[in-house]
Structure formats: structure tokens, C-alpha cells
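As C-alpha cells, the structure follows; a few thoughts come after it.
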Amino acid sequence: MNTWSTVIAQLATTPSDAHAQTEAHRKAQGMVSKEFRTVKQQFEHSETQLKELEQNYSAAKQALTELEHQTKQIEADTQHALAREEAKKALALASEIAKLNVNVCGNRKQVLALEQTMHALKGTLSQNRYNLFRLEQQLDTLNASAQLQRAQSQLSAGKGIRTALHSIARLNAQAKHSAPQKPQTAHPAAEAQAESAEQILNRLRAVK
């Protein structure tokens, strides 16, 4: 049973006298407030993690871009060597590209891993944001029902409880209508494999 279900169950079984109802609402507000503080701490921790990941991702992305640019420059030199039928030079350049491609693939894996981690963390942040919204609505509902209970303390126990619970149900339904939507899950891209020197030469020969 979650916190909100526990709160509803306890309020439903609380005696109808004003003191018991006031104490029940005080305890209920304490339970929901405690959960709110816990979720808020989780949200703030995830925000800090996300900022660090974004910095690491930016650095890894920049390093990958530089390696790819370097590789393209050497590929252009290799194509010129092939065009001049300088086989030995072309093979040496292709071997250099093959070595660079190992680093390129490693950086791509790192970038992909960071992207996946950031995606998962953003999902956690979105869920925590939704939970904070929901808990705020629950606290508002409890405050409203407590005020209603105090105003109707002169009524009979059964009627007072039913009215308070009806107010909770109504306000909870309104909260669901205004709740933020959860994000759709994206699928990560597949990682590439490093080419050998022979594969690089064959690919560059095919370029016109």
C-alpha cells in the first residue's frame, strides 16, 4: 500500500470527533510531507548528476569530432595517393586511419553510453517531477479536507467522514487531469565497428 492509500484508509477509519480528525489530518500531512522531501532530494541529486554527465558528454563529443575530422583529412590524402597509384603510401595512410578508427570507435561507444545514461536520468527526473506535482496536489487535498472537516465538526460522524472523503476523491481526480505527461522512451542508436586498412582502401577506391 502506498502512502496516499494509507492516508485515505486511516482517514476513513478515524473517529468523527474533531480532535481525532484533526490529529489524523496532522499525521497524514506529515506522511505526505516526508515523502515529498525524499522525492525532492532525489530530484535535486539527479539534476546534479545530469549536469555532470552533460559536461562529460560535451567533452567526449568534441574529442570524437576532432578524431573524425582528422580521419577525413587522412582519407583525402589516401585517395590522392590511390589516384597517383602510390600503393605503398596509400597502404601506410590506410594503416594510420585504421589505428585512428580504433580510437574513433572507442569514443563513439563512450558517447553512446553517455547518451543512454543521460536519457535514463532524464526519465528519472521526469518521473520525480511528476511525483512532486502529485504530492503537492495530495498536500493541497489534505489541507482542503482538514478545513472542511473543521467546518463540519458539528455534523454526525458518518456524514462528516463521507463529506471529507468525497472532497479528497474530487480534488484527487482534478489533480490527475492536470498532471504532466510522462515522456516517450527513445531507442539508442547502434554503435559502429572499426575498419581494417584493407577495408578502408576498398572503400576509398569505390569513391568517385
Side-chain angles (χ1 to χ4, degrees), residues 2-3 34-137 175-208:
N2 61 32
T3 300
K34 182 179 179 181
E35 185 179 357
F36 178 86
R37 289 192 297 271
T38 299
V39 174
K40 187 176 182 180
Q41 288 177 349
Q42 293 172 346
F43 179 80
E44 291 172 349
H45 179 65
S46 295
E47 275 192 323
T48 300
Q49 284 185 309
L50 181 60
K51 288 179 181 178
E52 293 175 355
L53 278 171
E54 286 174 340
Q55 291 176 351
N56 293 337
Y57 174 78
S58 178
K61 191 74 173 177
Q62 182 178 354
L64 175 60
T65 300
E66 291 173 357
L67 280 172
E68 288 175 336
H69 179 69
Q70 185 179 357
T71 300
K72 288 180 180 179
Q73 287 182 324
I74 301 175
E75 282 187 353
D77 293 338
T78 306
Q79 286 179 303
H80 292 154
L82 288 171
R84 293 192 296 268
E85 297 184 355
E86 297 174 350
K88 187 175 180 179
K89 182 178 180 180
L91 180 59
L93 290 170
S95 298
E96 188 176 349
I97 293 170
K99 291 177 182 178
L100 281 174
N101 278 347
V102 173
N103 293 331
V104 168
C105 285
N107 280 38
R108 283 177 181 164
K109 289 178 182 179
Q110 183 184 9
V111 168
L112 179 61
L114 288 170
E115 285 177 347
Q116 292 172 332
T117 304
M118 285 193 301
H119 174 75
L121 193 54
K122 286 178 180 178
T124 299
L125 276 168
S126 179
Q127 181 62 53
N128 285 342
R129 187 179 292 109
Y130 172 83
N131 289 341
L132 286 174
F133 173 86
R134 173 178 54 82
L135 289 165
E136 285 176 343
Q137 292 294 318
K176 289 181 180 178
H177 283 299
S178 58
Q181 297 297 316
K182 298 179 182 179
Q184 298 295 322
T185 302
H187 298 286
E191 61 185 44
Q193 299 296 323
E195 293 178 295
S196 67
E198 290 76 11
Q199 290 173 325
I200 293 168
L201 286 175
N202 290 334
R203 174 168 58 80
L204 294 177
R205 285 194 182 97
V207 177
K208 295 182 180 180

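Atom OG1 of residue T124 and atom NE2 of residue H45 lie 10.5 Å apart, to the nearest 0.5 angstrom. Between K34 atom NZ and L135 atom CG the span is 13.5 Å, to the nearest 0.5 Å. The distance from the CG atom of L121 to the OG atom of S46 is 5.0 Å, given to the nearest 0.5 Å. Atoms CZ and CG, from R134 and N128 in turn, are 10.5 Å apart once rounded to the nearest 0.5 Å. How far OG1 of T78 is from CG of L91: 9.5 Å, rounded to the nearest 0.5 Å. Between E115 atom CD and Y57 atom OH the span is 3.5 Å, to the nearest 0.5 Å.
In terms of the salt bridge (charged side-chain N to carboxylate O under 4.0 Å, His left out) criterion, E54 has no residue partners (sequence neighbours excluded). Taking the salt bridge (charged side-chain N to carboxylate O under 4.0 Å, His left out) definition, one finds that E96 meets it with nothing, sequence neighbours left out. Judged as a salt bridge (charged side-chain N to carboxylate O under 4.0 Å, His left out), and not counting sequence neighbours, the contacts of E68 are R108.
Contact record, I74 with L93: CG2-O, 3.8 Å, taken as the closest heavy-atom pair.
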Legend entry - Test side chain to side chain donor-acceptor pair (under 3.5 Å) applied to Q127 and N131, step by step: CA-CA 6 Å; Q127 181 62 53; N131 289 341; 3.0 Å; yes
Inset, instruction - Apply side-chain contact (heavy atoms from CB on, under 4.5 Å) to R84 and Q79, showing your working. - result: CA-CA 9 Å; R84 293 192 296 268; Q79 286 179 303; over 6 Å; no
Legend entry - Verdict with reasoning, K109 to L112, per side-chain contact (heavy atoms from CB on, under 4.5 Å): CA-CA 5 Å; K109 289 178 182 179; L112 179 61; 5.6 Å; no
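Side-chain polar atoms of D77 and Q73 form no donor-acceptor pair below 3.5 angstrom.
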